[in-house]
Amino acid sequence: MYRFLLTRQWVILTLLGLVLIPTMIELGFWQFHRHEHRVEQNELISRNLDAPPVPVTELTSPGHTVPRSDYWRTVTATGTFDTEHEVVVRRRTSDDDRIGVHVLTPLDLKDGGTVLVNRGWVPAAPNQTAYPDVPPAPRGEVTVTGRLKADETTGSSGIKDLAGLPDRQVMLINSEQQSQLLSRTVLGGYVEQTEPAPSGDLPEQIARPDDSSIGPHMAYAVQWWLFVAAVPAGWIILVRREKRDREQAAAEATAAGTAETAEEPASASA
């Protein structure tokens with residue numbers, strides 16, 4: 001009664017199940033690894049944010065690539081803002097998802113060198129070619145505290161670095177690009193300012209990164225692995241149902257044949 005498994009329909013169904021099982025196992029592990037990465041990142045964020053502040057020059061230097069282990073480290077920098085060379089970074093969102101720009105201001109350090117400071121978010125100008133209304137940076141010597149971040153690239157951020165932008169507008173926060181514009185060396189990476197707070201409502205400082213949410217990846221992994229168990233279980237259920245239907249059809253055919261055989265002698269006697 002299981003010879004039906006050799007039919008074209010059942011061979012295709014069985015092969016499909018055999019392909020789905022390893023695929024869904026792999027998808028489950030992919031989500032599991034994403035979960036592990038998220039947990040590891042949360043631990044890194046928490047550890048670095050809780051670390052004592054250090055001078056920015058202890059963690060970066062001109063041309064330096066900020067390693068992942070130093071992302072979000074709290075750093076301090078003392079110097080004077082160079083508002084003349086301030087630029088805005090296009091297509092950035094506020095905490096409540098409003099489209100605007102980030103204000104990127106060079107800070108000339110007291111002991112020499114320059115570091116880029118992301119002072120926060122402001123609304124974009126109504127005309128995209130115009131420079132937005134940006135509150136002025138503090139004058140004179142100031143000590144900035146913030147989170148150290150790595151230079152943005154198209155590969156790391158997914159943001160296309162468009163050419164031909166209006167004056168003092170950029171797509172990426174990149175120390176190498178700004179160093180060329182400033183014609184002087186700039187420390188690698190940049191600082192997301194957290195202190196001092198702005199005197200007014202703007203710029204809106206960048207929110208603390210989320211280090212508590214682990215996302216849905218573990219739940220997705222478990223779902224994929226449950227699907228793996230469901231494939232053979234479903235296949236067995238379908239096989240048994242097919243076998244039962246065939247047995248029932250065979251029994252009905254036998255009963256019909258027996259009834260016809262019984263009717264033939266009766267007809268002959270008549």
Side-chain angles (χ1 to χ4, degrees), residues 41-62 64 66-89 92-98 100-124 132-152 157 168 170 172-175 178-179 182 184-213:
Q41 176 142 309
N42 286 349
E43 292 174 349
L44 174 66
I45 293 172
S46 299
R47 183 169 61 251
N48 284 357
L49 290 178
D50 293 339
V54 297
V56 66
T57 50
E58 289 190 10
L59 297 181
T60 186
S61 58
H64 178 72
V66 178
R68 185 170 178 269
S69 58
D70 286 337
Y71 288 8
W72 303 287
R73 280 290 302 273
T74 302
V75 294
T76 59
T78 300
T80 306
F81 278 116
D82 178 7
T83 55
E84 182 180 350
H85 295 98
E86 183 175 79
V87 298
V88 293
V89 191
R92 302 301 166 116
T93 56
S94 65
D95 291 343
D96 54 0
D97 295 327
R98 290 174 293 158
V101 298
H102 282 173
V103 181
L104 189 66
T105 312
L107 181 72
D108 294 329
L109 299 175
K110 179 180 180 180
D111 297 328
T114 299
V115 65
L116 301 177
V117 177
N118 183 349
R119 295 202 291 126
W121 179 93
V122 299
D133 185 14
V134 176
R139 294 183 179 182
E141 187 174 282
V142 61
T143 296
V144 172
T145 302
R147 298 179 286 262
L148 181 63
K149 299 291 293 293
D151 286 323
E152 296 178 347
S157 66
R168 300 177 64 192
V170 298
L172 299 169
I173 304 177
N174 187 282
S175 63
Q178 293 304 307
S179 176
L182 293 169
R184 60 179 185 266
T185 58
V186 176
L187 273 62
Y190 66 98
V191 177
E192 278 184 353
Q193 181 177 335
T194 57
E195 295 179 9
S199 57
D201 295 332
L202 295 175
E204 292 182 9
Q205 293 184 340
I206 312 301
R208 174 189 169 106
D210 182 10
D211 60 349
S212 60
S213 173

Backbone N or O of [Y] within a donor-acceptor pair of the [X] side chain at under 3.5 Å?
{"X": "Thr105", "Y": "Glu86", "value": "no"}
{"X": "Ser179", "Y": "Ser175", "value": "no"}
{"X": "Asp151", "Y": "Gly189", "value": "yes"}

Which pair of heavy atoms, one from [X] and one from [Y], lies closest together, and at what distance?
{"X": "Val66", "Y": "Gly188", "answer": "CG2-O, 3.9 Å"}
{"X": "Val56", "Y": "Ala77", "answer": "CG1-CB, 3.9 Å"}
{"X": "Thr114", "Y": "Arg184", "answer": "OG1-NE, 3.1 Å"}

Taking atom [atom1] of [X] and atom [atom2] of [Y], what is their separation to the nearest 0.5 Å?
{"X": "Gln178", "Y": "Leu172", "atom1": "CD", "atom2": "CG", "result": "10.0 Å"}
{"X": "Arg147", "Y": "Gln193", "atom1": "CZ", "atom2": "CD", "result": "10.5 Å"}
{"X": "Leu59", "Y": "Asn48", "atom1": "CG", "atom2": "CG", "result": "9.0 Å"}
{"X": "Leu182", "Y": "Leu116", "atom1": "CG", "atom2": "CG", "result": "7.5 Å"}

Could you list the donor-acceptor pairs under 3.5 angstrom formed by side chains in residues 133-144, with sequence neighbours left out?
{"residue": "Thr143", "atom": "OG1", "partner": "Thr78", "partner atom": "OG1", "Å": "2.9"}

Sequence neighbours left out, cut at 3.5 Å: what donor-acceptor pairs do the side chains of residues 68-76 make with other protein atoms?
{"residue": "Arg68", "atom": "NH2", "partner": "Gln41", "partner atom": "OE1", "Å": "3.3"}

Salt-bridge contact Arg92-Glu152 (side-chain N to carboxylate O under 4.0 Å):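 Salt bridge: yes.
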Under 3.5 Å, which donor-acceptor pairs do the side chains of residues 197-206 form with other protein atoms, sequence neighbours left out?
{"residue": "Glu204", "atom": "OE2", "partner": "Arg98", "partner atom": "NH2", "Å": "2.6"}
{"residue": "Gln205", "atom": "NE2", "partner": "Pro196", "partner atom": "O", "Å": "3.1"}

